[in-house]
Amino acid sequence: MRPGDELPPLSVPVTRTLVVAGALASRDFQDVHHDAEAARAKGSPDIFMNILTTNGLVGRYITDHFGADATLVRVSIRLGVPNYPGDVLVLSGRVVSVSPAREAGRCAVEVAVAGTNRLGRHVTGTVGVTLPAAGVTGVTGGGS
């Protein structure tokens with residue numbers, strides 16, 4: 001793994017159930033995430049996904065790619081266009097940097113992440129993750 005490496009994309013169907021369940025799981029009871037009538041009254045064509053669900057999906061994308069030994073240390077995202085039921089969120093990523101981590105035997109990886117749907121860019125950001133350094137090319141040592 002080295003800077004510039006692309007992660008394979010992940011497609012996530014955005015269902016009404018995903019939008020509502022994500023809002024409930026993150027204790028976001030704003031009506032625009034579960035009540036289509038209320039969302040329309042506030043100018044949205046339908047309910048839409050909350051940022052915490054998007055944040056969780058970005059984290060899942062990274063940990064699914066890097067495996068069970070990956071530890072998320074930072075997720076920094078910014079939302080763009082909404083995710084509505086019926087959309088497909090396509091997440092993509094690119095390795096920005098790989099370096100020794102503070103923990104001995106681990107490396108720190110920064111990944112630029114983007115997610116798009118039919119309306120355009122839904123999310124952009126960066127994710128910091130640590131991984132076991134064994135098997136990661138060009139990273140030795142670690143710990144400070």
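Below, each value reflects all heavy atoms present in this structure, side chains not excepted, and no hydrogens, waters or symmetry copies. Throughout, residue positions are numbered sequentially from 1 according to the sequence presented.
- Rounded to the nearest 0.5 Å, atoms CG (L7) and CE (M1) are 8.5 Å apart.
- T63 places a side-chain N or O within 3.5 Å of a backbone atom of G59 that can act as its donor or acceptor partner.
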Report all side-chain donor-acceptor pairs from residues 65-79 shorter than 3.5 Å, counting only partners two or more places apart or in another chain.
{"from": "T71", "atom 1": "OG1", "to": "R106", "atom 2": "NH2", "distance (Å)": "3.3"}
{"from": "R74", "atom 1": "NH1", "to": "T126", "atom 2": "OG1", "distance (Å)": "3.0"}

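- I62 places a side-chain heavy atom less than 4.5 Å from the side chain of V111.
- By the criterion of side-chain heavy atoms lying less than 4.5 angstrom apart, applied directly or through intervening Ile, Leu, Val, Met, Phe, Trp or Tyr residues, V88 is not grouped with V58; the two fall into different hydrophobic clusters.
- For the side-chain hydrogen bond (donor to acceptor under 3.5 Å, both in side chains) condition, the pairs that include at least one residue of residues 11-23, sequence neighbours left out, are R16-D46.
- You'll find the side chain of V109 stays beyond 4.5 Å of the side chain of T130, heavy atoms only.
- If you chain together hydrophobic residues whose side chains sit under 4.5 Å apart, L24 and V14 fall into the same group.
- Between the side chains of N83 and H122, a donor-acceptor pair is found at a separation under 3.5 Å.
- Listed here is the closest heavy atom pair of C107 and P132: SG-O, 4.3 Å.
- Looking at S26 and N50, their side chains do bring a donor and an acceptor atom within 3.5 Å of each other.
- Contact of the E110 side chain with the V127 side chain is not registered, since no non-hydrogen atoms from C-beta on lie closer than 4.5 Å.
- What you find for A36 and I47 is that their closest heavy atoms are N-CG2, 3.5 Å.
- Here V32 is tied into one hydrophobic group with F48, V81, Y84, L119, each link being a pair of ILVMFWY side chains closer than 4.5 Å.
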List the atom pairs, with distances to 0.1 Å, where a side-chain N or O of residues 89-98 and a protein N or O form a donor-acceptor pair under 3.5 Å, not counting sequence neighbours.
none

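- Residue pairs meeting the salt bridge (charged side-chain N to carboxylate O under 4.0 Å, His left out) criterion with at least one partner in residues 17-40, sequence neighbours excluded, are D31-K42.
- The salt bridge (charged side-chain N to carboxylate O under 4.0 Å, His left out) pairs that include a residue from residues 58-67 are R60-D64, where partners are two or more places apart or lie in different chains.
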